[in-house]
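Along the sequence shown, the residues carry numbers beginning at 1. All values derive from a computational prediction rather than experimental measurement. One-based numbering, in listed order, for ligands and for the atoms of each.
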Amino acid sequence: MAIVLGENRYGKAEVRLVRVSRDGETHTLADLNVSVALSGDLAATHLTGDNAGVLPTDTMKNTVYAFAKEPGVGEPEEFALLLARHFVETHTQIRAARVGIESFGWERLGPHSFRRQGDHTRTAEVTVTVEQTQVVSGVSGLTLLNATDSEFHGYAQDRYTTLPETTDRILATAVDARWRHLRDDTDWAKSFPAAVEALTGAFVDTYSYSLQQTLYAMGSRVLTELPEVAEIRLALPNKHHYLVDLSPFELSNHNEVFIAGDRPYGLIEGTVTRDDVPPAITEWYP
Ligand SMILES: O=c1[nH]c(=O)c2[nH]c(=O)[nH]c2[nH]1
(Lines give C-alpha, C1' and ligand atoms only; values in the text may rest on other atoms or scores of the structure.)
Protein backbone atom coordinates (compact mmCIF):
# COMPACT_ATOMS: atom_id res chain seq x y z
CA MET A 1 0.00 0.00 0.00
CA ALA A 2 1.25 3.49 -0.83
CA ILE A 3 -0.03 6.80 0.45
CA VAL A 4 -0.25 9.41 -2.28
CA LEU A 5 -1.20 13.06 -2.55
CA GLY A 6 -4.60 13.47 -4.16
CA GLU A 7 -6.23 16.46 -5.81
CA ASN A 8 -5.32 19.74 -4.20
CA ARG A 9 -5.69 23.45 -4.72
CA TYR A 10 -5.05 26.55 -2.69
CA GLY A 11 -5.87 30.20 -2.80
CA LYS A 12 -7.22 33.29 -1.08
CA ALA A 13 -10.88 33.13 -0.19
CA GLU A 14 -13.31 36.03 0.11
CA VAL A 15 -11.26 39.06 -0.85
CA ARG A 16 -13.70 41.89 -0.17
CA LEU A 17 -13.36 44.70 -2.64
CA VAL A 18 -15.22 47.93 -3.33
CA ARG A 19 -14.23 49.81 -6.46
CA VAL A 20 -15.45 53.36 -7.03
CA SER A 21 -15.19 54.65 -10.59
CA ARG A 22 -15.35 58.41 -10.88
CA ASP A 23 -16.75 60.13 -13.92
CA GLY A 24 -16.81 63.73 -12.68
CA GLU A 25 -19.66 64.03 -10.17
CA THR A 26 -21.13 60.66 -11.16
CA HIS A 27 -19.64 57.63 -9.49
CA THR A 28 -20.26 53.94 -10.09
CA LEU A 29 -19.72 51.18 -7.60
CA ALA A 30 -18.59 47.56 -7.78
CA ASP A 31 -18.89 45.60 -4.52
CA LEU A 32 -17.33 42.16 -4.79
CA ASN A 33 -16.27 39.14 -2.79
CA VAL A 34 -13.51 37.42 -4.79
CA SER A 35 -12.08 33.96 -4.17
CA VAL A 36 -9.07 32.56 -6.01
CA ALA A 37 -7.98 28.90 -6.08
CA LEU A 38 -4.94 27.66 -7.98
CA SER A 39 -3.81 24.12 -8.77
CA GLY A 40 -0.96 22.58 -10.73
CA ASP A 41 2.50 21.26 -10.05
CA LEU A 42 2.38 21.68 -6.29
CA ALA A 43 3.38 18.28 -4.98
CA ALA A 44 6.72 19.54 -3.60
CA THR A 45 5.27 21.83 -0.97
CA HIS A 46 2.93 19.11 0.27
CA LEU A 47 5.56 16.35 0.31
CA THR A 48 8.72 18.22 1.38
CA GLY A 49 7.78 21.79 2.22
CA ASP A 50 9.68 23.11 -0.83
CA ASN A 51 7.74 26.30 -1.60
CA ALA A 52 9.47 27.26 -4.87
CA GLY A 53 6.23 26.82 -6.84
CA VAL A 54 3.92 28.35 -4.27
CA LEU A 55 2.66 31.81 -5.19
CA PRO A 56 1.59 33.17 -1.81
CA THR A 57 -2.14 33.59 -1.26
CA ASP A 58 -1.23 37.09 -0.05
CA THR A 59 0.01 37.84 -3.58
CA MET A 60 -3.29 36.61 -5.00
CA LYS A 61 -5.13 39.06 -2.73
CA ASN A 62 -2.84 41.90 -3.84
CA THR A 63 -3.41 40.97 -7.49
CA VAL A 64 -7.18 41.24 -7.03
CA TYR A 65 -6.84 44.78 -5.63
CA ALA A 66 -4.27 45.85 -8.24
CA PHE A 67 -6.42 44.58 -11.13
CA ALA A 68 -9.41 46.41 -9.62
CA LYS A 69 -7.47 49.65 -10.13
CA GLU A 70 -6.01 48.71 -13.53
CA PRO A 71 -7.70 47.65 -15.82
CA GLY A 72 -10.73 47.87 -13.50
CA VAL A 73 -13.56 45.54 -12.58
CA GLY A 74 -16.20 45.60 -15.35
CA GLU A 75 -18.68 42.70 -15.34
CA PRO A 76 -17.95 39.97 -12.75
CA GLU A 77 -17.37 37.29 -15.42
CA GLU A 78 -14.93 39.61 -17.20
CA PHE A 79 -12.97 40.38 -14.02
CA ALA A 80 -12.82 36.69 -13.10
CA LEU A 81 -11.55 35.83 -16.59
CA LEU A 82 -8.82 38.49 -16.36
CA LEU A 83 -7.60 37.23 -13.00
CA ALA A 84 -7.77 33.52 -13.82
CA ARG A 85 -5.92 33.99 -17.13
CA HIS A 86 -3.28 36.09 -15.40
CA PHE A 87 -2.37 33.37 -12.89
CA VAL A 88 -2.20 30.58 -15.50
CA GLU A 89 -0.27 32.71 -18.00
CA THR A 90 2.33 34.11 -15.59
CA HIS A 91 3.26 31.01 -13.56
CA THR A 92 4.06 27.86 -15.52
CA GLN A 93 3.58 25.58 -12.50
CA ILE A 94 -0.05 26.78 -12.22
CA ARG A 95 -2.17 24.63 -14.54
CA ALA A 96 -5.61 25.78 -13.49
CA ALA A 97 -7.10 28.83 -11.82
CA ARG A 98 -10.60 29.12 -10.48
CA VAL A 99 -11.92 32.57 -9.62
CA GLY A 100 -15.29 32.88 -7.93
CA ILE A 101 -16.98 36.24 -7.49
CA GLU A 102 -20.04 37.32 -5.57
CA SER A 103 -21.26 40.71 -6.73
CA PHE A 104 -23.53 42.75 -4.49
CA GLY A 105 -25.83 45.23 -6.19
CA TRP A 106 -26.22 48.89 -5.26
CA GLU A 107 -29.11 50.93 -6.56
CA ARG A 108 -28.30 54.50 -7.54
CA LEU A 109 -29.90 57.21 -5.37
CA GLY A 110 -27.97 60.15 -6.78
CA PRO A 111 -24.70 60.91 -8.62
CA HIS A 112 -22.66 59.38 -5.82
CA SER A 113 -25.25 57.92 -3.45
CA PHE A 114 -26.40 54.32 -3.40
CA ARG A 115 -28.69 51.93 -1.57
CA ARG A 116 -27.63 48.32 -1.20
CA GLN A 117 -29.95 45.90 -3.05
CA GLY A 118 -30.51 43.08 -0.61
CA ASP A 119 -32.73 40.85 -2.69
CA HIS A 120 -30.17 38.79 -4.59
CA THR A 121 -26.47 38.24 -5.20
CA ARG A 122 -24.95 37.81 -8.66
CA THR A 123 -22.21 35.21 -8.95
CA ALA A 124 -19.55 34.26 -11.49
CA GLU A 125 -17.16 31.33 -11.42
CA VAL A 126 -14.43 31.07 -14.02
CA THR A 127 -12.06 28.16 -14.47
CA VAL A 128 -9.06 28.63 -16.76
CA THR A 129 -6.73 25.73 -17.50
CA VAL A 130 -3.82 25.72 -19.91
CA GLU A 131 -6.18 24.36 -22.58
CA GLN A 132 -9.71 25.46 -21.75
CA THR A 133 -11.93 28.11 -20.18
CA GLN A 134 -15.26 27.66 -18.45
CA VAL A 135 -17.59 30.45 -17.32
CA VAL A 136 -20.48 29.86 -14.95
CA SER A 137 -22.83 32.69 -13.98
CA GLY A 138 -25.39 32.56 -11.24
CA VAL A 139 -27.75 34.14 -8.80
CA SER A 140 -28.49 33.34 -5.17
CA GLY A 141 -31.10 34.51 -2.70
CA LEU A 142 -33.61 35.56 -5.38
CA THR A 143 -36.76 35.21 -3.27
CA LEU A 144 -40.02 34.63 -5.16
CA LEU A 145 -43.58 33.90 -4.04
CA ASN A 146 -46.80 32.94 -5.79
CA ALA A 147 -49.83 33.46 -3.51
CA THR A 148 -51.89 30.95 -5.54
CA ASP A 149 -51.68 28.81 -8.73
CA SER A 150 -49.86 26.12 -6.78
CA GLU A 151 -51.21 22.66 -5.89
CA PHE A 152 -49.58 19.62 -4.33
CA HIS A 153 -51.40 16.28 -4.28
CA GLY A 154 -51.30 12.77 -5.68
CA TYR A 155 -47.94 12.06 -4.01
CA ALA A 156 -46.70 8.74 -2.66
CA GLN A 157 -47.90 7.99 0.86
CA ASP A 158 -46.88 5.61 3.61
CA ARG A 159 -47.70 5.17 7.29
CA TYR A 160 -45.72 8.32 8.19
CA THR A 161 -47.47 10.63 5.73
CA THR A 162 -49.57 13.33 7.40
CA LEU A 163 -49.32 16.17 4.85
CA PRO A 164 -52.81 17.18 3.67
CA GLU A 165 -53.23 17.33 -0.11
CA THR A 166 -53.88 20.84 -1.36
CA THR A 167 -55.26 22.46 -4.50
CA ASP A 168 -54.25 25.95 -3.40
CA ARG A 169 -51.14 26.93 -1.49
CA ILE A 170 -48.40 29.52 -1.36
CA LEU A 171 -45.33 28.57 -3.40
CA ALA A 172 -42.21 30.44 -2.28
CA THR A 173 -38.50 29.91 -2.80
CA ALA A 174 -35.12 31.61 -2.73
CA VAL A 175 -33.56 30.74 -6.07
CA ASP A 176 -29.98 29.53 -6.12
CA ALA A 177 -29.06 28.97 -9.76
CA ARG A 178 -25.82 28.51 -11.71
CA TRP A 179 -25.63 28.35 -15.47
CA ARG A 180 -22.66 27.23 -17.58
CA HIS A 181 -21.88 29.22 -20.70
CA LEU A 182 -20.82 27.75 -24.03
CA ARG A 183 -18.43 30.63 -24.76
CA ASP A 184 -16.13 32.98 -22.87
CA ASP A 185 -16.95 36.13 -24.91
CA THR A 186 -20.65 36.57 -24.17
CA ASP A 187 -22.11 40.02 -23.51
CA TRP A 188 -22.19 39.49 -19.74
CA ALA A 189 -24.01 42.73 -19.00
CA LYS A 190 -26.95 41.58 -21.17
CA SER A 191 -26.86 37.88 -20.40
CA PHE A 192 -27.25 38.12 -16.60
CA PRO A 193 -30.44 40.23 -16.48
CA ALA A 194 -31.89 38.13 -19.32
CA ALA A 195 -31.32 34.96 -17.27
CA VAL A 196 -32.89 36.48 -14.15
CA GLU A 197 -35.83 37.66 -16.27
CA ALA A 198 -36.28 34.13 -17.68
CA LEU A 199 -36.13 32.55 -14.20
CA THR A 200 -38.63 34.96 -12.67
CA GLY A 201 -40.90 34.94 -15.75
CA ALA A 202 -41.16 31.14 -15.69
CA PHE A 203 -41.84 31.16 -11.94
CA VAL A 204 -44.68 33.65 -12.41
CA ASP A 205 -46.17 31.94 -15.49
CA THR A 206 -46.11 28.32 -14.31
CA TYR A 207 -49.28 26.91 -12.76
CA SER A 208 -47.47 24.55 -10.44
CA TYR A 209 -48.28 21.02 -9.30
CA SER A 210 -44.87 20.71 -7.59
CA LEU A 211 -41.80 22.84 -7.05
CA GLN A 212 -39.97 20.21 -9.11
CA GLN A 213 -42.20 21.12 -12.10
CA THR A 214 -41.52 24.81 -11.52
CA LEU A 215 -37.76 24.12 -11.35
CA TYR A 216 -37.83 22.43 -14.76
CA ALA A 217 -39.92 25.26 -16.23
CA MET A 218 -37.45 27.84 -14.91
CA GLY A 219 -34.41 25.97 -16.20
CA SER A 220 -35.88 25.29 -19.62
CA ARG A 221 -36.97 28.94 -20.00
CA VAL A 222 -33.34 30.02 -19.47
CA LEU A 223 -32.09 27.52 -22.09
CA THR A 224 -34.82 28.57 -24.55
CA GLU A 225 -34.12 32.29 -24.21
CA LEU A 226 -30.33 32.24 -23.82
CA PRO A 227 -28.65 30.27 -26.63
CA GLU A 228 -25.27 30.93 -24.99
CA VAL A 229 -26.12 28.73 -21.98
CA ALA A 230 -25.25 25.00 -22.04
CA GLU A 231 -26.87 23.88 -18.79
CA ILE A 232 -28.35 25.27 -15.61
CA ARG A 233 -28.40 23.88 -12.10
CA LEU A 234 -31.00 25.01 -9.62
CA ALA A 235 -31.41 24.56 -5.88
CA LEU A 236 -34.83 25.69 -4.71
CA PRO A 237 -35.68 25.65 -1.01
CA ASN A 238 -39.41 25.20 -0.55
CA LYS A 239 -40.22 28.05 1.83
CA HIS A 240 -43.24 26.45 3.45
CA HIS A 241 -46.23 28.54 4.49
CA TYR A 242 -48.55 26.76 6.92
CA LEU A 243 -52.21 27.69 7.16
CA VAL A 244 -53.09 28.86 10.68
CA ASP A 245 -56.05 27.08 12.31
CA LEU A 246 -58.35 29.98 13.27
CA SER A 247 -61.34 27.74 14.08
CA PRO A 248 -60.83 28.08 17.88
CA PHE A 249 -61.69 31.76 17.38
CA GLU A 250 -64.63 30.93 15.10
CA LEU A 251 -62.80 32.59 12.20
CA SER A 252 -62.51 31.17 8.69
CA ASN A 253 -59.14 31.00 6.95
CA HIS A 254 -59.42 30.68 3.17
CA ASN A 255 -55.70 30.81 2.45
CA GLU A 256 -55.31 34.20 4.09
CA VAL A 257 -53.28 33.77 7.29
CA PHE A 258 -50.09 31.68 7.22
CA ILE A 259 -47.18 30.82 9.46
CA ALA A 260 -44.01 31.51 7.48
CA GLY A 261 -41.94 28.40 8.21
CA ASP A 262 -38.20 28.65 8.67
CA ARG A 263 -36.81 25.15 9.24
CA PRO A 264 -36.96 22.45 8.11
CA TYR A 265 -37.54 23.23 4.45
CA GLY A 266 -37.85 21.07 1.37
CA LEU A 267 -34.85 21.39 -0.94
CA ILE A 268 -35.53 20.71 -4.60
CA GLU A 269 -32.44 20.44 -6.80
CA GLY A 270 -32.05 19.72 -10.48
CA THR A 271 -30.11 20.29 -13.68
CA VAL A 272 -31.64 21.25 -17.01
CA THR A 273 -29.30 20.79 -19.93
CA ARG A 274 -29.04 20.66 -23.71
CA ASP A 275 -28.30 17.14 -24.97
CA ASP A 276 -25.78 18.25 -27.59
CA VAL A 277 -23.27 20.35 -25.63
CA PRO A 278 -19.69 19.49 -24.60
CA PRO A 279 -19.32 18.42 -20.97
CA ALA A 280 -18.03 20.77 -18.28
CA ILE A 281 -14.23 20.93 -17.98
CA THR A 282 -14.34 20.69 -14.19
CA GLU A 283 -16.85 19.95 -11.50
CA TRP A 284 -18.84 23.02 -10.57
CA TYR A 285 -21.56 23.95 -8.16
CA PRO A 286 -21.57 20.83 -5.95
O1 LIG B 1 -43.62 21.02 -4.43
C2 LIG B 1 -43.41 20.18 -3.53
N3 LIG B 1 -42.60 19.12 -3.77
C4 LIG B 1 -42.31 18.17 -2.84
O5 LIG B 1 -41.57 17.19 -3.12
C6 LIG B 1 -42.92 18.32 -1.58
N7 LIG B 1 -42.87 17.58 -0.42
C8 LIG B 1 -43.63 18.24 0.49
O9 LIG B 1 -43.81 17.84 1.70
N10 LIG B 1 -44.19 19.37 -0.05
C11 LIG B 1 -43.75 19.44 -1.33
N12 LIG B 1 -43.97 20.35 -2.32
Task: Close-contact set for ligand 1 against Leu211 heavy atoms, below 4.0 Å - done: 1 (O), 2 (C)
Open item on the list: Below a 4.0 angstrom heavy-atom separation, can you tell me which part of Arg169, side chain or backbone, both or neither, approaches ligand 1?
Closed with: side chain
TODO: Could you say whether the N/O atoms of Ile268 and ligand 1 ever approach to under 3.5 Å?
DONE: no
Open item on the list: Taking 4.0 angstrom as the limit and counting only heavy atoms of Gln212, give me the atoms of ligand 1 inside it, by number and element.
Closed with: 1 (O), 2 (C), 3 (N), 4 (C), 5 (O)
Task: Residue and atom name of the nearest protein heavy atom (relative to atom 6 (C) of ligand 1), distance in Å to one decimal - done: Phe152 CZ, 3.2 Å
Task: Nearest atoms (heavy-atom pairs only) where Leu81 meets Trp188 - done: CD1-CZ2, 4.1 Å
- [ ] Please determine, by modelled atom types, if Asp176 and Ser140 share a side-chain donor-acceptor pair under 3.5 angstrom.
- [x] no
Open item on the list: Could you tell me, atom by atom, which parts of ligand 1 come under 4.0 Å of a heavy atom of Ser210?
Closed with: 1 (O)
Open item on the list: Can you tell me if Glu107 has over 12 outside heavy atoms packed within less than 6.0 Å of its CD?
Closed with: yes
TODO: Measure the spacing between OG1 of Thr206 and CG of Leu215 and express it to the nearest 0.5 Å.
DONE: 10.5 Å
TODO: Can you sort out which atoms of ligand 1 are near Asn238, meaning under 4.0 Å from one of its heavy atoms?
DONE: 2 (C), 11 (C), 12 (N)
Open item on the list: Is a donor from one side chain sitting under 3.5 angstrom from an acceptor on the other, for Ser137 and Glu77?
Closed with: yes
Open item on the list: Just by distance, no angles: are the side chains of Glu151 and Tyr207 close enough, under 3.5 Å, to form a donor-acceptor pair?
Closed with: yes
Task: Contact partition for Leu163 relative to ligand 1, non-hydrogen atoms under 4.0 Å - done: side chain
